[in-house]
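A note on names: the letters A, B, ... follow the listed sequences, proteins ahead of strands, and every chain is numbered from 1.
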Amino acid sequence: MIAPLIQVKNLSKIYGDESAKTKALEDASFSIDPGEFVAIMGPSGSGKSTLLHILGFLDEQTHGSYVFNGKERIGYSKEEMARLRNEKMGFVFQSFNLLPRITVLDNIKLPLIYSDVPEHDWNKKAKQALEKVGLSHRLFFQPSQLSGGEKQRAAIARALINEPEVIFADEPTGNLDSKSGGVVMNIFESLNREGHTIILITHDKDIAEHARRIIGIKDGRIESDRKNR
Amino acid sequence: MIVKYLVKSGMASLNANGMRSVLTILGIVIGITSIILVMSLGQGAEDLILGQIQGIGSKVIRIAPGRHPKGPTDIGSLFSDSLKSRDLELLRQKANVPHAEGIMPVIFGGESVAFGSETYGVTIFGVSEIFPEVYDSYPNQGRIFSEEEVKTYSESVVIGSKVKEELFGNQDPLGQKIRIKGRNLRVIGLLEQKGQVSFINFDDAVIMPYTVAQQYIFGIKHFNAIVVDADEEQNVLRTVEDIKATLRVSHGIRDSEKDDFYIETQAQAMDMVSSVLGVLTAFLTSIAAISLVVGGIGIMNIMLVSVTERTREIGLRKALGATEKNILFQFLFEAVFLTVIGGFIGILFGAGLSFGASFALSRIVSENWSFNFPIEGAFWGLFVASLVGLVFGIYPARQAAKKNPIEALRYE
């Protein structure tokens, strides 16, 4: 049996103080193995983004335990978390978050600036990542010259560049039309077949159907957890 | 982190806000420009004045009567007639002052000179035959009086170029007689035009034997100064001591505090001018430096705006693995980048303006004014500019580094 990549137990996130508490997440427990393709699905305000941020070390839980790669979250220093975000995790956001005014190629190289990868490998890695998302012809374009679908594919290439173990995608198709959304989802499926763990959050049932496991979340509580396909 | 990519992203943000960046660094540009300008012109003034003093030669020692002025109340001091012929004779004895090559008494004062119906106010210099060597001023027509003529009270004078122009116009002055205090003096020489040399302008002077000046013009027995020319530059200090010893014996002085004469060397005069101009330049430079502080505050202000505008970028970079240190470094680098660019532009402007100013001054003040580019000042300027970037960039950079990635990513 393989060790789980992610293991959460009674995870809660509470905003505010005693007088005005908001429970964004309550008692969430599940584990995700390497190589899984999981969709966390729920309506807006259900706490799915909070959950993803905690899993991606961008936010901190108030209660419960989160074990990543065999080690409890509180055991990691800020620098170690930055390093894990850089090497083991990739992020894809709903609004792409490409930096304007620098080329697609430079955008994709951004995570490498913070890594130990020697500079002479950067172009090679960036081109490989762009090939995987089918954007090799847009190397020297500015983000503003790309279509929405192309922007998201560039963002996926950026997430891929350090060959992370897990890719976190936050509503990756939320700003796309259904056709480019479909292209993006196909990319995630093929990345998963190559062995990347994908954790995706969405409110869209059709998008969630691309995953092999769907965790349903509502009002901060996990309501369902089922295999798909 | 690789500096190349920092430069790239710094340039991108500069380009994105072109006009804003230009205005931001303007304070630094103006500050560095004025520092370079002040330093360059200060150096030019120092070179010019030192050049004039050096015109007299660094071996010249000047003995003046009276106590060395120590403060404003000492001016017009006592013993102003303390230098007498006896002193001159003692100083001339090789045994007393072995390294004196030439010794010349000096009498001076203002008088008016007449020729025909023209009169003109001049400075009279009563000197000896070694005058041309001591002051590096030679007659370009005629000659200087001889040793014999000095001894025999010969009423012969050498006149400055301005005096000639005022009294004689286009006439030839040689052999003509000019009138001073009712005495007729024969013009035997005409000095070359030199302008101001070490605060003395011989163009406006009438040069005559000191014996004549003492006896017939001013009616005094003492000298206003004695100038000693040392044989070698390295013997100047020794000669100064020899002169002091000789004069103390001559005047019966035991305590050096009670000296009734004082001695100035060219080296001292040059040191004094250097230090006065140095203080003046430093003072003006520090005023110019205030604009750097103002410029620095401008940089801080705009960096804070930039940090807020780029909140999402900061969040993204953190999500992609940037540590707080990485973010801090990036924004600090951008601030320093801005100020160093400002520094470079300031140095170029400063050099251009000082060149222009030097050109103008060489026309107006003196043709000996030369352009100096303060290389040291340029290095300091760049150093200070980057320091301003560091000091005023650290606060905004810390603000950026401390941003919570989630808040940052949510920021619209």
Quick check on [X]: does its [atom1] atom have over 12 non-hydrogen neighbours (other residues, nucleotides or ligands) under 6.0 Å away?
X: F349(B); atom1: CZ; result: no
X: F30(A); atom1: CZ; result: yes
X: K78(A); atom1: NZ; result: no
X: K132(A); atom1: NZ; result: yes
X: D219(A); atom1: CG; result: no
X: F379(B); atom1: CZ; result: no
X: F371(B); atom1: CZ; result: yes

Non-hydrogen atoms of A322(B) and A82(A) that approach each other most closely: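 For A322(B) and A82(A), the tightest heavy-atom pair comes out as O-CB, 4.0 Å.
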
Heavy-atom cut-off 4.5 Å, strictly under: side chain, backbone, both or neither for F93(A) against chain B?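 The answer is the side chain of F93(A).
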
With only heavy atoms counted, which part of D106(A) is less than 4.5 Å from chain B, the side chain, the backbone, both or neither?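 The side chain, not the backbone.
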
So, does R85(A) use its side chain to make a donor-acceptor pair with the main chain of K318(B) at under 3.5 Å?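 Pair found, side chain donor or acceptor close to backbone of K318(B).
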
Ignoring hydrogens and angles, tell me if any N or O in the side chain of N86(A) forms a donor-acceptor pair with the backbone of L320(B) under 3.5 Å.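 Judged by distance alone, yes, a pair lies under 3.5 Å.
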
Name, in order of residue number, those residues of residues 143-159 of chain A that have a heavy atom at a distance of less than 4.5 Å from a heavy atom in chain B; otherwise write 'none'.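 Within residues 143-159 of chain A, the residues under 4.5 Å from chain B are R158(A).
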
Could you please state which residues from residues 44-61 of chain A sit under 4.5 angstrom from chain B, measuring non-hydrogen atom to non-hydrogen atom, sorted by number, or 'none'?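 Those residues of residues 44-61 of chain A which have a heavy atom under 4.5 Å from chain B are H53(A), L58(A), D59(A).
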
Start with the C-alpha gap between T323(B) and R83(A), add the side-chain angles, then the distance that decides, and say whether side chain to side chain donor-acceptor pair (under 3.5 Å) holds. CA-CA 8 Å; T323(B) 59; R83(A) 180 161 277 259; over 6 Å; no

Any idea which of I102(A), L99(A), L112(A), N162(A) has the most non-hydrogen atom pairs under 4.5 angstrom with chain B?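 Heavy-atom pair counts peak at L99(A).
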
Pairwise side-chain hydrogen bond (donor to acceptor under 3.5 Å, both in side chains) hits with a residue in residues 272-290 of chain B, at least two apart: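 Pairs touching residues 272-290 of chain B that pass the test: E46(B)-S274(B).
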
Please name all residues satisfying salt bridge (charged side-chain N to carboxylate O under 4.0 Å, His left out) with R398(B), sequence neighbours left out, ordered by chain then number.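 Salt bridge (charged side-chain N to carboxylate O under 4.0 Å, His left out) list for R398(B), sorted by chain: empty.
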
Spacing of CD1 belonging to I113(A) relative to CG belonging to N326(B), to within rounding of 0.5 Å: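 Result: 9.5 Å between the selected atoms.
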
Check each atom of R317(B) against the heavy atoms of chain A and say whether the ones under 4.5 Å are side chain, backbone, both or neither.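 Contact with chain A involves both backbone and side-chain atoms of R317(B).
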
